[in-house]
Protein chains: 2
Amino acid sequence: MSEKPNDRIDAIQLAVSRHAARLILDQGFAATSGGQIAKAAGISERTLWRYFRNKESCLAPLFARSWQRFAEDLRQWPRSVSLEEHLADCFDLKNQSAEQIADSVLIVRLIAAFPDEPDLRSTWLMSYHDGEASLMAIIGDRLDRSHNDFDVRLCAAAVMAAVRTIDETVSLAAVRHRQTFTTAEVVTRMSRAIRAVSNLPFCDAVQPNPFGDT
Amino acid sequence: MSEKPNDRIDAIQLAVSRHAARLILDQGFAATSGGQIAKAAGISERTLWRYFRNKESCLAPLFARSWQRFAEDLRQWPRSVSLEEHLADCFDLKNQSAEQIADSVLIVRLIAAFPDEPDLRSTWLMSYHDGEASLMAIIGDRLDRSHNDFDVRLCAAAVMAAVRTIDETVSLAAVRHRQTFTTAEVVTRMSRAIRAVSNLPFCDAVQPNPFGDT
DNA sequence: ATGATGATGGCAGTTAATGTCAGAAAAGCC
DNA sequence: GGCTTTTCTGACATTAACTGCCATCATCAT
């Protein structure tokens, strides 16, 4: 709860990331310089390059944070509850902070605006890949399996691919064709996709943990 | 068969890519400069940067070519044949050129050597992502569905994730623990993984195409 | 206070990457 | 074969991403 040393720095990087996203959305990726991002975020350019190894990765914290929140929600997933029920909870707008929604909007617009910008796509893909580790933990815990079990690893990779596919198609449909989705629709699509590619039965209620932890 | 204008340039880029891979494998990514790659490949540095938008993507043609060959094999997949049978054919060393094997070795060593080099990982991920389009076509054709159908898209993404997971685990086991795999083992693992994450029944023999094309 | 530690900014330096242009090679045409 | 036209390549200058270095400032324990 108290402010750990690295929490502060993470918060700054996230703030910088939001500024970077807005600038890039306005001007395009190439046309946005490191200096501009730094200035918008109120830090020196030198500090910017200490925080981020290159321009692309300025966006990473925004993507990471979004997945992080989702992962936290999934860690709260009671064993007795099905995927659909839990996702409905997670995605319920009533349970989302304004900040969270603003971030999602930013991300959606960003990936819909530049589907072919390679630098953008690569950080986008990278962030999903980075999320696989935590998803492995979540699935492993739910099924009382090792996090490094091959099937768990495979399941995490496939589910991540499904989540990414949903995110991309929904974003594109929303921005390009002005299509709107209700929370229920997104929950339905997302859980169908996840179930469809899951090789392990973690989507339904599972036996309570015999050891009682979690 | 005849040399199309872009075939030549593609071949050069592939050759450069192999040089780049060897240099990076030897010296590491950061320690290898564009000039070195250009010199090793016998082109000027200016031309190198015309071919590749940045240093990372010097490796892309190598990865792409490897998938391309696999994709070509999959396009030959007869409708009456199961995944296992066809993969056994594709992976049979007798059906692979020396060049093909050398490339595979290069790739395997590369991703096993630098699992945490972000630039490497991002082009690695990107190349699988780029392959999704052709996989969508393959799956779509096999099932007489539109290539852009959502389920086809999802299936391609999940299968790609499975293939990547296999590639990574096999590479790591091979290089790190000197573990060797028979062709049959790889076929078994690969097809199990693909089946496990497939939401569409494209892995088994399917009805012959009523229109007779393909 | 004071000294240690670590984060920051300023500035110079390095290197990846692009703009420009002139010469070489290749493709089209006769 | 010649000729034009276009596309490709290399040399050089230039930009912009990124790093090294050091002085300064904040934080915190003593």
Side-chain angles (χ1 to χ4, degrees), chain A residues 1-17 19-24 26-62 114 116-123 126, chain B residues 1-17 19-24 26-62 114 116-123 126:
Chain A
M1 192 57 62
S2 74
E3 186 126 344
K4 278 239 187 129
N6 275 357
D7 285 0
R8 190 185 63 92
I9 213 170
D10 286 352
I12 298 179
Q13 290 183 347
L14 179 57
V16 174
S17 195
H19 283 289
R22 274 186 285 266
L23 284 172
I24 290 172
D26 278 3
Q27 313 177 342
F29 183 80
T32 305
S33 73
Q36 282 177 42
I37 299 174
K39 200 160 111 183
I43 61 176
S44 79
E45 192 173 347
R46 184 64 188 88
T47 312
L48 180 77
W49 298 129
R50 250 193 286 266
Y51 284 163
F52 302 102
R53 31 182 308 281
N54 53 34
K55 207 162 69 172
E56 302 114 90
S57 52
C58 291
L59 294 171
L62 181 64
F114 307 107
D116 296 322
E117 187 72 43
D119 299 299
L120 211 68
R121 268 215 341 223
S122 87
T123 55
M126 191 78 98
Chain B
M1 190 62 58
S2 74
E3 186 126 344
K4 278 239 187 128
N6 275 357
D7 286 358
R8 190 185 62 92
I9 214 169
D10 286 351
I12 298 179
Q13 291 182 346
L14 179 57
V16 175
S17 194
H19 283 288
R22 275 187 284 266
L23 283 171
I24 289 172
D26 278 3
Q27 314 177 342
F29 184 81
T32 304
S33 74
Q36 282 177 42
I37 299 174
K39 200 159 110 183
I43 61 176
S44 81
E45 191 173 349
R46 185 63 187 86
T47 310
L48 180 77
W49 297 129
R50 250 192 288 264
Y51 284 163
F52 302 101
R53 27 183 311 283
N54 52 36
K55 208 162 66 173
E56 304 113 89
S57 52
C58 291
L59 295 171
L62 182 64
F114 307 107
D116 295 322
E117 186 72 42
D119 299 300
L120 211 67
R121 268 213 344 222
S122 86
T123 56
M126 191 77 98

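None of the values given here were measured: they were computed from a predicted structure. Chain naming here is simple, since letters A, B, ... match the order of the sequence lines and numbering starts at 1 in each.
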Without swapping roles, check the side chain of [X] against the backbone of [Y] for a donor-acceptor pair under 3.5 Å.
X       : Y       : answer
B:Thr32 : B:Gly28 : yes
A:Ser33 : A:Gln36 : yes
A:Ser57 : A:Phe52 : no

Roughly how far apart are [X] [atom1] and [Y] [atom2], rounded to 0.5 Å?
X       : Y        : atom1 : atom2 : value
B:Ile24 : B:Phe114 : CD1   : CZ    : 8.0 Å
B:Phe29 : B:Leu23  : CZ    : CG    : 12.0 Å
B:Asn54 : A:Glu56  : CG    : CD    : 7.0 Å

Of all heavy-atom pairs between B:Cys58 and B:Ala20, which one has the smallest distance, and what is that distance?
CB-CB, 4.0 Å

Rounded to whole angstroms, how far apart are [atom1] on [X] and [atom2] on [N]?
X       : N      : atom1 : atom2 : value
B:Phe29 : C:dT15 : CZ    : P     : 15 Å
B:Ile24 : C:dA16 : CD1   : P     : 11 Å
A:Ile9  : C:dT5  : CD1   : P     : 19 Å
A:Lys55 : D:dC18 : NZ    : P     : 8 Å
B:Glu45 : D:dC8  : CD    : P     : 20 Å

Short N/O separations, protein against nucleotides 25-28 of chain D, under 3.5 angstrom:
none

Contacts to DNA chain D from residues 46-54 of chain B, heavy-atom cutoff under 4.0 Å, which residues?
B:Arg46, B:Thr47, B:Arg50, B:Tyr51

So if I take residues 31-40 of chain B and measure heavy-atom distances to DNA chain D, which residues fall below 4.0 Å?
none

Pairs in or reaching into residues 38-51 of chain A: which pass salt bridge (charged side-chain N to carboxylate O under 4.0 Å, His left out), with residues at least two apart or in two chains?
none

Is there a side-chain contact between [X] and [Y] in this structure, where contact means two heavy atoms from C-beta onward sitting under 4.5 Å apart?
X        : Y        : result
B:Thr123 : A:Ser122 : no
A:Tyr51  : A:Pro61  : no
B:Asp119 : A:Arg53  : yes

Begin with the C-alpha distance, continue with both residues' side-chain angles, and end with the deciding distance and a verdict on side chain to side chain contact (heavy atoms under 4.5 Å, CB included) for B:Val16 and B:Ile12.
CA-CA 6 Å; B:Val16 175; B:Ile12 298 179; 4.2 Å; yes

Applying side chain to side chain donor-acceptor pair (under 3.5 Å) to B:Arg22 and not counting sequence neighbours gives none

Just report the end-to-end axis angle for the helix from C:dA1-D:dT30 to C:dC30-D:dG1, five pairs per end, to 10 degrees.
30°

